[in-house]
Amino acid sequence: MPSTSEQVRARVGAPQRLTYGPSEFERLDLYRTKRPKAPIFVYFHGGAWLRGSAKDSGFPAEMFVSTGAHFVVPDFISISAANGDLRVMAEQVRRAIAWTYANAATFDGDPERLYIGGHSSGGHLCGVALVTDWKKDFGLPETVVKGRALRERHVRLESPCGCRPAANTSSSPTR
């Protein structure tokens, strides 16, 4: 039986697969709407920082694309591949947002209507992104992200996910 994301791709079409950063993990799926200068929603999957993928997280795309918004789902490194350092993951999430903003015109998106959201550990990563100094870190306006939708449950930044708390203080959205 096909997954929900596979069913959505069968209805709305395959996403464009694009590179947003230098590492092998930094790729994203872009589900395009037909609306010109459309708003953009960037969705960060959950998975306890250990698992999850853009391919398996396309299930919300139809709701956005059919109502006139682009839907972007980045892949990013797992905490185990980052040796327990959430900062690596957080930097990739920030790069995905910055890339989407800077490249919105290439897919007829409106960078002034860029929204982010995530579920579980993806919600945490969105929270980290919300405290980014976009001007200092990326040379972008401070108002890059216009809104957010976070679904974050209580999370512990230590085992069993493999996070190293001492190394991850800077990855707390409440820092």
Side-chain angles (χ1 to χ4, degrees), residues 18-31 39-61 64 69-104 109 111-175:
L18 302 166
T19 300
Y20 69 86
S23 82
E24 65 183 291
F25 302 100
E26 295 173 79
R27 309 289 180 267
L28 58 80
D29 286 354
L30 168 62
Y31 293 85
I40 306 159
F41 189 80
V42 183
Y43 176 75
F44 295 96
H45 63 75
W49 303 281
L50 291 167
R51 60 192 161 278
S53 68
K55 179 183 176 198
D56 294 332
S57 301
F59 56 90
F64 288 90
H70 298 297
F71 185 76
V72 176
V73 188
D75 276 320
F76 44 87
I77 196 167
S78 70
I79 196 66
S80 55
N83 296 314
D85 191 346
L86 276 171
R87 292 172 295 189
V88 176
M89 191 179 287
E91 283 308 308
Q92 290 181 359
V93 164
R94 291 178 180 123
R95 272 195 297 276
I97 294 167
W99 181 95
T100 302
Y101 180 89
N103 290 278
E112 299 308 316
R113 294 188 294 161
L114 189 146
Y115 303 88
I116 65 172
H119 171 259
S120 194
S121 57
H124 164 261
L125 293 168
C126 284
V128 172
L130 289 171
V131 297
T132 298
D133 185 336
W134 295 104
K135 185 171 180 82
K136 179 181 143 224
D137 296 346
F138 295 95
L140 299 174
E142 289 298 326
T143 56
V144 167
V145 176
K146 298 303 186 272
R148 79 276 187 248
L150 312 179
R151 170 70 172 94
E152 181 182 0
R153 59 186 170 165
H154 175 73
V155 292
R156 292 178 57 203
L157 299 181
E158 51 193 62
S159 293
C161 76
C163 301
R164 297 187 334 250
N168 294 313
T169 304
S170 65
S171 297
S172 171
T174 59
R175 62 186 157 107

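Here the structure is a predicted model, which is why all the values come from computation and not from measurement.
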Student: Within a strict 4.5 Å, meaning less than it, do heavy atoms of the His124 and Leu86 side chains meet?
Tutor: yes
Student: With ring pair (Phe, Tyr, Trp, His ring centres under 6.0 Å) as the rule and sequence neighbours excluded, what pairs involving residues 126-145 come up?
Tutor: Trp134-Phe138
Student: How long is the straight-line distance from CG of Leu30 back to OG1 of Thr100, given to the nearest 0.5 Å?
Tutor: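 Answer rounded to 0.5 Å: 8.0 Å.
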Student: Which heavy atom in Leu18 sits nearest to a heavy atom in Trp99, and how many Å separate them?
Tutor: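 So the minimum-distance heavy-atom pair works out to CD1-CH2, 3.6 Å.
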Student: Looking only at heavy atoms, which two atoms of Tyr20 and Phe25 are closest? And how far apart?
Tutor: OH-O, 4.4 Å
Student: Could you measure the distance from the CZ atom of Phe71 to the OH atom of Tyr115? Nearest 0.5 Å is fine.
Tutor: 15.5 Å
Student: For residues Val128 and Arg94, report the shortest heavy-atom separation together with the two atoms involved.
Tutor: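 For Val128 versus Arg94, the nearest heavy atoms are CG1-NH2, 3.2 Å.
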Student: I'd like to check the salt bridge (Lys or Arg N to Asp or Glu O under 4.0 Å) partners of Lys55; sequence neighbours left out, ordered by chain and number.
Tutor: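 Result, salt bridge (Lys or Arg N to Asp or Glu O under 4.0 Å) vs Lys55: none returned.
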Student: Classify the ring geometry between Phe76 and Phe44 as parallel (under 30°), tilted (30 to 60°) or perpendicular (over 60°).
Tutor: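 The rings of Phe76 and Phe44 sit tilted, inter-plane angle from 30° to 60°.
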Student: Output the distance between atom CD1 (Ile97) and atom CD (Gln92), rounded to the nearest 0.5 Å.
Tutor: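 If we round to the nearest 0.5 Å, Ile97:CD1 and Gln92:CD are 12.5 Å apart.
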Student: Check side chain to side chain donor-acceptor pair (under 3.5 Å) between Glu26 and all other residues, then give those that pass, not counting sequence neighbours.
Tutor: Ser23, Arg95
Student: When the ring planes of Phe64 and Phe41 are compared, do they come out parallel, tilted or perpendicular, using 30° and 60° as the limits?
Tutor: parallel
Student: Ala129 and Val93: which non-hydrogen atoms are nearest, and at how many Å?
Tutor: CB-CG1, 4.2 Å
Student: So, taking the atom named OG in Ser121 and the one named NE2 in His45, what distance separates them when rounded to the nearest 0.5 Å?
Tutor: 7.5 Å
Student: State the OH-OG1 distance between Tyr101 and Thr143, to the nearest 0.5 angstrom.
Tutor: 6.0 Å
Student: List the steps, then state whether side chain to side chain contact (heavy atoms under 4.5 Å, CB included) holds for Ile116 with Leu130.
Tutor: CA-CA 9 Å; Ile116 65 172; Leu130 289 171; 3.9 Å; yes
Student: Locate the shortest heavy-atom distance separating Ser57 from Pro60; write the atom from each residue and the value.
Tutor: O-CD, 3.4 Å
Student: Looking at Lys135, I want to see if its NZ is surrounded by more than 12 non-hydrogen atoms of other residues, nucleotides or ligands under 6.0 Å.
Tutor: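 No, not enclosed.
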Student: Atom OG1 in Thr132, atom CD in Glu91: separation rounded to 0.5 Å?
Tutor: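 Between Thr132 OG1 and Glu91 CD, I get 7.5 Å after rounding to 0.5 Å.
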Student: So which heavy atom on Ile40 is nearest to which on Ala104, and how close?
Tutor: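 Closest approach of Ile40 to Ala104: CD1-CB, 3.6 Å.
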